[in-house]
Amino acid sequence: MSDELRYDGKVAVITGAGGGLGRSHALLLASRGAKIVINDLGGGVAGGADGSLGPADTVVAEIKEAGGEAVADGNTVATPEGAAGIIKTALDAFGRVDIVINNAGILRDKSFRKMTPELFDPVLDVHLKGCTWVAQAAWDLMREQKYGRIINTSSAAGLFGNFGQTNYGAAKMGIVGLTNVLAIEGAKYNIKANVLAPGAKTRMTEDLMGPMGDQFNMDASLVSPIVGFLAHESCPVTGEIYSAAAGRVGRIFVGATKGIFDKDLTLEKIRDSFDEIRNEEGYIVPKSATEEMGLLLQHMNK
Ligand code: NAI
């Protein structure tokens, strides 16, 4: 088909692509001409140092069998050194990096009162810092070539909350903040950074999904099209969040209510106008902190 979206000449680094969602994104992009680095250290759902290159190698073999190009990489995303190693793999194999899909992830769930540093820190290291270090390792290359597409994987657990996941939720919402700033700093270099909030039946979620997993087709392949679109040259947006599961795709955003303005504000005025403060009618979706401040100006100019 002539209007097919393709990635010929483009190189994509996909972290945690030895299975689940990352594998699915990799198969889609490779089938449309992208050269892919399949990064995965092959550990268990909770992470740890007992992994192998096996899962990454298997996905590379699948891509090659289908006529695509890919290499495996077993570095961890969780350290600046590991992240630099991942980008080096891309440069050694393919000479450039155009797309980074930060997808690697682990879970260490526990209710908040039982949360420990051993459960909290590794989750932040893999998700939030992983997105940070891998994006940073590719950043100068993307700036120099004035081209980059970054997709960072968040989760409804952070965007909206989920019991037992303070570590994961904090990391996943942190990824939104990271991406907002990457979008602003990358704008003049044609680097677009967006967020994915996926839902799919994978080894990470098969026990958590319950009846939803059987009622709908929760295959990861139904999440990858929006990722492919955000990774494509024609991607029209940056600094946005898209949620995708079972074929449904939508946008999630952080909005601000119009609020109130009173230059003699008191505690009691807050109480008395709290409904108006909370009223979602006429909300805006600021593109930056500066734009949010603009709400104040709007009130003052009235
Ligand atoms: P998965 O467990 O199949 O995939 C995660 C992959 O990341 C694994 O292959 C694992 O070996 C790899 N990984 C873990 N730590 C790593 C590290 N330090 N360096 C490199 N690779 C590492 O799980 P799934 O579901 O495919 O998850 C992919 C992403 O999507 C994760 O970020 C997850 O938090 C997120 N997500 C998934 C949802 C779902 O419904 N499946 C829902 C919301 C978010």
Side-chain angles (χ1 to χ4, degrees), residues 13-27 37-59 72-87 89 100-109 121-134 137 151-162 165 167-176 195-210 212-213 216-224 226-227 241-246 248 252:
V13 169
I14 308 180
T15 69
L21 285 157
R23 168 181 168 273
S24 168
H25 307 334
L27 295 181
V37 174
I38 302 291
N39 158 262
D40 206 303
L41 48 61
V45 173
D50 54 348
S52 81
L53 210 51
D57 280 336
T58 305
V59 177
D73 175 277
N75 283 292
T76 179
V77 300
T79 63
E81 298 74 29
I86 298 169
I87 299 304
T89 299
V100 168
I101 301 176
N102 280 312
N103 163 83
I106 60 170
L107 284 184
R108 294 196 180 183
D109 295 0
D121 293 345
V123 169
L124 260 79
D125 286 346
V126 173
H127 291 277
L128 178 56
K129 294 188 194 170
C131 287
T132 306
W133 302 135
V134 179
I151 294 99
N152 292 327
T153 309
S154 181
S155 167
L159 291 156
F160 304 114
N162 201 27
Q165 296 195 310
N167 51 359
Y168 185 75
K172 288 305 201 186
M173 201 57 179
I175 286 170
V176 174
V195 171
L196 170 74
K201 194 170 182 176
T202 65
R203 69 172 197 175
M204 187 185 269
T205 53
E206 58 191 349
D207 296 338
L208 312 169
M209 215 144 252
M212 268 254 290
F216 300 104
N217 177 6
M218 296 296 289
D219 200 84
S221 62
L222 287 169
V223 173
S224 298
I226 183 67
V227 175
I241 309 168
Y242 289 87
S243 102
R248 179 204 164 255
I252 294 170

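Numbering of ligands and ligand atoms starts at 1, following listing order.
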**OP:** Identify which of D125, T76, N152, T153 has a heavy atom lying nearest to atom 18 (N) of ligand 1.
**Re:** T76
**OP:** Return yes when V45 approaches ligand 1 closer than 4.0 angstrom through a heavy atom, no otherwise.
**Re:** no
Subject >> Test item, A200 contacting ligand 1 (heavy atom, 4.0 angstrom) >> reply: yes
Original post:
What atoms in ligand 1 come closer than 4.0 Å to a heavy atom of G42?
Top reply: 11 (O)
Subject >> ligand 1 N/O within reach of V126 N/O, cut-off under 3.5 Å >> reply: no
Original post:
Strictly under 4.0 Å, does any heavy atom of K201 approach an atom of ligand 1?
Top reply: no
Subject >> Option nearest atom 9 (O) of ligand 1 (shortest heavy-atom distance, choices I86, T15, D40) >> reply: D40
**OP:** Starting from atom 19 (N) of ligand 1, locate the nearest protein heavy atom and write down its residue, its atom name and how far away it is, to 0.1 Å.
**Re:** V77 N, 3.2 Å
Subject >> Region of S154 engaging ligand 1 - heavy atom pairs below 4.0 Å >> reply: backbone
Original post:
When you measure from atom 26 (O) of ligand 1 to each heavy atom in T79, L196, L21, which option holds the nearest one?
Top reply: L21
**OP:** Taking the side chain as every heavy atom from C-beta outward, state whether N75 and E81 have any pair of such atoms under 4.5 Å apart.
**Re:** no
Subject >> Nearest neighbour of atom 14 (C) of ligand 1 from the list G105, G43, G16, on a heavy-atom basis >> reply: G105
Original post:
Should R203 be counted as touching ligand 1, given the test is an N or O pair under 3.5 Å?
Top reply: yes
**OP:** Could you tell me if any non-hydrogen atom of K172 lies under 4.0 Å from any atom of ligand 1?
**Re:** yes
